[in-house]
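The structure appears below as structure tokens.
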There are 2 protein chains.
Amino acid sequence: MAAHSTTPAPRQDNRRQQLLDTAARLFRQHGYHATSMRDIASAVGMLPGSIYYHFASKDELLVTVYREGVSRIAERLDAAVAGKKEPWQQLEAACIAHLQTVLDHSDYAQVVIRVLPDDAPAVRVRLAALRDQYEERFKDLVAALDLPAYVDRHYLRLLLLGALNWSQVWYRRGGDSPRTIAKRFLQVLHGIQAQQR
Amino acid sequence: MAAHSTTPAPRQDNRRQQLLDTAARLFRQHGYHATSMRDIASAVGMLPGSIYYHFASKDELLVTVYREGVSRIAERLDAAVAGKKEPWQQLEAACIAHLQTVLDHSDYAQVVIRVLPDDAPAVRVRLAALRDQYEERFKDLVAALDLPAYVDRHYLRLLLLGALNWSQVWYRRGGDSPRTIAKRFLQVLHGIQAQQR
DNA sequence: TGTTAAAACAAACAGTCGTTTGTTTTCTAT
DNA sequence: ATAGAAAACAAACGACTGTTTGTTTTAACA
């Protein structure tokens, strides 16, 4: 028996947050399909049915994780970019922030990259919209670059963002840091371009 | 054939091929987890249990599809590269072949990109080995390039291959062709040489 | 033709899935 | 102290999962 607890206990929805954190971690570790509601429940120490008090469905849980993921990575990116003036430096800061968040810092953000909208057909459109909302930022960053006429900005963005996102497939902790990886990528890009200036 | 041989019936197993084709199509359309043995069975018109005469397990079915996928994409790439002499042109031919195969031509090859080794933990190592076996080719292609010293060949490869593979996420039929996409990517990278032609 | 192996069927196994329902506990506010 | 909401439990629902088993059909060879 515990002593009589005098803590007022704010009765805030704190297990909801715990639930989200755990779902984000499991979704990024094993993917959406390979993570069951029972996995999540037992990881937070509650029964599977209890999750449905906090979230209407597994899909809704994913959407919430996704939204939080986009919010977090966007926040980090905006902060990083705000510190730079020169367009290439802004892009580099963005790439570093993106990779750090997506490879290391945030389970939420990792889910946004790892779990594709098609994995949850019923909420596909909402997930895709959240993704797009984030990727918009790269359009602006690329638009600000001073580039030779023959460089297609559309494909420069797809090239860079594709390489960054795919790095989740081969990245292993202990090798080059996300910052280093981002810098190398931009060196390859900017280096080849810059040699003719 | 088997004229006067006493060996038992050849009985070529043609439904095995049909089974593989169907599995490849469904795996690339919906992913590995979202495709059930019953889906595959009903698509070829047999009962779920009958698949197990041809394949020991769902995982083994995936491995076979994967192996075939690597074989097909490697074949196309080698043929494409063989027709070119200049290193950058070889790389371009390789990227075009890669994208065409992975976006359009082969369900098998698409599975190799779409289904990650982690999706089937029991055969993860074998799937990863098959992938690596293919990606080796890009190491050679990048090694042959004449590049400024500050360009890291390792990251050039990862940049390019990542962008190519990720294109599966955003590619839609009706837009730019795989050939065009590959060319635009390389133009971004190698703008100067591309300009000279 | 009869024999034999290949290849399919038919039916179930044991388990997991997301989810729902009814009840009980836990805490806050009165 | 007690009412009432919040948040959990306990147990099951029906559907679906990969797979196994025993039996039957199909087709090539003697």
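Just so we're on the same page: letters track the sequence lines, and every chain starts at 1. All values derive from a computational prediction rather than experimental measurement.
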Separation of [X] atom [atom1] from [N] atom [atom2], in whole Å?
X       : N      : atom1 : atom2 : answer
B/Leu61 : D/dG18 : CG    : C1'   : 12 Å
A/Asp59 : C/dT19 : CG    : P     : 7 Å
B/Lys58 : D/dT20 : NZ    : C1'   : 17 Å
A/Glu60 : C/dG18 : CD    : P     : 15 Å
B/Leu19 : C/dA7  : CG    : P     : 12 Å
A/Ile51 : C/dC17 : CD1   : C1'   : 13 Å
A/Asn14 : C/dT26 : CG    : C1'   : 13 Å

Sequence-distant partners of B/Asp39, salt bridge (charged side-chain N to carboxylate O under 4.0 Å, His left out), two or more places apart: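 Counting only residues at least two positions away or on another chain, B/Asp39 forms no salt bridge (charged side-chain N to carboxylate O under 4.0 Å, His left out).
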Set of salt bridge (charged side-chain N to carboxylate O under 4.0 Å, His left out) partners for A/Arg157, sequence neighbours left out: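 Checked A/Arg157 against salt bridge (charged side-chain N to carboxylate O under 4.0 Å, His left out); zero matches.
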All pairs passing ring-ring contact (aromatic ring centres under 6.0 Å, His included) where residues 40-72 of chain A contributes a residue, at least two apart: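 Output for this query is empty, none listed.
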Donor-acceptor under 3.5 Å (B/Arg179 side chain, B/Ile96 main chain):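 Answer holds: no.
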A/His54 vs D/dA6: side-chain N/O to OP1/OP2 distance below 4.0 Å: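 The answer is no; no side-chain N or O of A/His54 sits under 4.0 Å from OP1 or OP2.
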B/Tyr53 side chain near C/dA8 phosphate (N/O to OP1/OP2, under 4.0 Å):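 For C/dA8, OP1/OP2 do not have a side-chain N/O of B/Tyr53 under 4.0 Å.
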Identified side-chain contact (heavy atoms from CB on, under 4.5 Å) counterpart of B/Glu135 within the set B/Val70, B/Asn165, B/Leu158: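 Of all the options given, the one that passes is B/Asn165.
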Results of side-chain contact (heavy atoms from CB on, under 4.5 Å) for B/Ser167 - residues two or more places apart only: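 B/Ser167 satisfies side-chain contact (heavy atoms from CB on, under 4.5 Å) with B/Leu99, B/Leu103, B/Trp170 only.
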Side-chain touch A/Leu61/A/Ile40, heavy atoms, less than 4.5 angstrom: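 They are in side-chain contact.
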Within residues 30-43 of chain A: residues closer than 4.0 Å to DNA chain C (heavy atoms):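 A/Thr35, A/Ser36, A/Met37, A/Arg38 - these, ordered by number, are the residues of the stretch whose heavy atoms sit under 4.0 Å from the strand.
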Test side-chain contact (heavy atoms from CB on, under 4.5 Å) applied to A/Asp146 and A/Trp88, step by step: CA-CA 9 Å; A/Asp146 183 26; A/Trp88 277 100; 5.5 Å; no
Side chain to side chain donor-acceptor pair (under 3.5 Å) partner of B/Tyr108, chosen from B/Thr101, B/Thr64, B/Asp21: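 One option only clears the test, and that one is B/Asp21.
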So which protein N/O to nucleotides 9-11 of chain C N/O distances come out below 3.5 Å?
residue : atom : partner : partner atom : Å
C/dC9   : OP2  : B/Leu47 : N            : 2.8
C/dC9   : OP2  : B/Ser50 : OG           : 3.0

